[in-house]
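These notes are about the structure you will find just below.
First listed ligand is number 1; within each ligand, the first listed atom is number 1.
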Amino acid sequence: AARPESRRDLDGVRLLITAGGTREPLDPVRFIGNRSSGRQGAALAQAAASRGAHVTLIAAHVEVTLPEGVAVVSVETTAQLAEAVEQHAPESDAIIMAAAVADYRPAAVSNAKIKKETVGDTLTLELVKNPDILAGVAARAAANQIVVGFAAETAETDEALLELGRAKIARKGCDFLVVNRVGWNEGFATQRNAVTVLDRAGSIVIEAQGSKLSVADEILSVLAERLLADRH
Ligand code: CTP
Ligand code: CA
């Protein structure tokens with residue numbers, strides 16, 4: 001579908017978007033990261049700004065140029081992302097958690113470079129679970145705030161993918177969940193995307209596929225519709 005450039009249905013809406021992959025340092029030169037490119041989050045920010053939203057983009061590691069006209073907050077670790085979200089969430093009408101957040105971080109960070117000579121032939125890392133930022137934001141959200149999560153899943157069938165998505169939105173307590181299939185060649189670091197958006201009840205709101213920008217526009221239309229409904 002063509003992109004109606006004149007659409008201003010998010011005029012004045014304050015939108016907080018997270019994008020990219022968090023990185024957890026092991027020592028001054030190494031980290032644990034993930035394959036997120038930040039493309040879908042950056043596309044959401046760009047599309048939202050062009051529809052009139054005031055966008056704050058909390059960017060973890062991204063491999064794309066970030067759009068003009070949005071306020072960017074750069075972070076590296078999950079703890080930094082959590083702090084930035086906590087700071088900006090209260091002044092947002094909607095929060096979209098598109099970032100790929102590291103589930104675990106090293107239990108200890110070494111201030112000196114880890115040396116093979118000291119470690120030996122095998123290295124075992126102890127990791128501890130990070131707090132769930134999305135679940136926290138959803139639990140603290142005001143009645144008129146909309147919280148959107150993303151779910152990256154590897155699933156064999158569409159039905160299995162939906163089941164994982166339904167279980168996840170129930171766990172997270174957010175308003176919408178954008179479910180996308182990831183794999184060695186799907187989802188991450190690609191130009192295109194195919195997503196299913198679920199609501200709290202686990203029902204399919206929309207299915208969208210195409211460029212990450214067109215998918216962003218379709219996700220934002222779900223948001224715009226809900227914001228409009230809440231106003232009446
Ligand atoms: N998320 C988060 N904080 C975390 C982990 C994930 O806020 N510590 C958010 C992501 O930004 C995304 C959503 O939760 O919006 C789902 O992320 P995902 O990795 O799919 O789900 P998890 O709950 O981490 O479950 P798992 O990775 O085990 O499937
Ligand atoms: Ca995860």
Name the closest protein heavy atom to atom 3 (N) of ligand 1, giving the residue it belongs to and the distance to 0.1 Å. Ile133 N, 3.0 Å
Starting from atom 14 (O) of ligand 1, locate the nearest protein heavy atom and write down its residue, its atom name and how far away it is, to 0.1 Å. Lys172 NZ, 3.1 Å
Using atom types as modelled and distance alone, determine if a side-chain donor or acceptor of Gln145 lies under 3.5 Å from a backbone N or O of Ala142. yes
Heavy atom of Lys129, distance to ligand 1 below 4.0 Å: no
Should side-chain heavy atoms under 4.5 Å link Ile, Leu, Val, Met, Phe, Trp and Tyr, which residues sit in the same cluster as Val85? Leu16, Ile58, Val73, Val75, Leu81, Ile95, Met97, Val101, Ile133, Leu134, Val137, Val147
Considering both backbone and side-chain atoms of Val101, is one of its nitrogen or oxygen atoms within less than 3.5 Å of a nitrogen or oxygen in ligand 1? no
Ligand 1 atoms nearer than 4.0 angstrom to some heavy atom of Ala99 are 10 (C), 11 (O)
What atoms of ligand 1 come closer than 4.0 angstrom to any heavy atom of Met97? 7 (O), 11 (O), 12 (C), 15 (O)
Contact atoms of ligand 1, heavy-atom distance to Leu134 under 4.0 Å: 2 (C), 7 (O), 9 (C), 13 (C), 14 (O), 15 (O)
At a non-hydrogen distance cut-off of under 4.0 Å, which region of Asp103 contacts ligand 1 (side chain, backbone, both, or neither)? side chain
On a heavy-atom basis, which atom in Ala102 and which in Asn130 lie closest, and how many Å separate them? O-ND2, 2.7 Å
For the 3.5 Å polar cut-off, considering only N or O atoms, please tell me whether Thr78 and ligand 1 meet it. no
the protein heavy atom lying closest to atom 21 (O) of ligand 1 turns out to be Lys168 NZ, 2.9 Å
State the atoms of ligand 1, each with its element, that fall below the 4.0 Å cut-off from a heavy-atom position in Ala152. 20 (O)
The closest protein heavy-atom partner of atom 8 (N) of ligand 1 is Pro131 O, 2.9 Å
Run the salt-bridge test on Lys168 and Glu153 with the 4.0 Å N-O cut-off and return the result as yes or no. yes
Checking side-chain hydrogen bond (donor to acceptor under 3.5 Å, both in side chains) against Arg181, which of Thr196, Asn193, Asp158 comes through? Asp158
Using a strict cut-off of 4.0 Å, indicate which atoms of ligand 1 neighbour a heavy atom of Phe150. 12 (C), 13 (C), 15 (O), 16 (C), 17 (O), 20 (O)
Polar atom proximity, Ala151 to ligand 1 (N or O, under 3.5 Å): no
Please list all pairs passing the salt bridge (charged side-chain N to carboxylate O under 4.0 Å, His left out) test where one or both residues lie in residues 81-110, with sequence neighbours left out. Arg14-Asp93
Can you find an N/O atom of Arg171 closer than 3.5 Å to an N/O atom of ligand 1? no
Show which residues join Leu123 in its hydrophobic cluster (side-chain heavy-atom contacts under 4.5 Å, direct or indirect), or state none. Leu26, Ile32, Tyr104, Ile114, Val119, Leu125, Leu127
Distance-only polar pair, side chains of Asn111 and Asp27, donor-acceptor under 3.5 Å: no
Without swapping roles, check the side chain of Arg166 against the backbone of Gly202 for a donor-acceptor pair under 3.5 Å. yes
Is there at least one pair of N or O atoms, one from Ala102 and one from ligand 1, spaced under 3.5 Å apart? no
Is it the case that the side chain of Gln80 and the backbone of Thr77 share a donor-acceptor pair, with hydrogens and angles ignored and the cut-off at 3.5 Å? yes
Under 3.5 Å between any N/O of Gly149 and any N/O of ligand 1: does that happen in this structure? no
Identified side-chain contact (heavy atoms from CB on, under 4.5 Å) partner of Cys174 from the options Val148, Ile96, Ile169, Ile146: Ile169
Check whether any side-chain N or O of Ser110 sits under 3.5 Å from a backbone N or O of Lys113 as a donor-acceptor pair, and report yes or no. no
Quick one: look at Ala100 and ligand 1, take heavy-atom pairs under 4.0 Å, and tell me if it's side chain, backbone, both or neither. neither
Atoms listed for the Ca ion (ligand 2) (protein only, N, O or S, under 3.0 Å, no waters) are Asp103 OD1, Asp103 OD2
How far apart are the C-alpha atoms of Ser221 and Arg226, what are their side-chain angles, what is the distance that settles it, and do they pass the side chain to side chain contact (heavy atoms under 4.5 Å, CB included) test? CA-CA 9 Å; Ser221 292; Arg226 172 64 65 90; over 6 Å; no
Do Val195 and Leu162 share a hydrophobic cluster (ILVMFWY, side-chain heavy atoms under 4.5 Å, transitive)? no
Determine whether Leu164 and Leu198 fall in the same hydrophobic cluster, where Ile, Leu, Val, Met, Phe, Trp and Tyr are linked whenever their side-chain heavy atoms lie under 4.5 Å apart. no
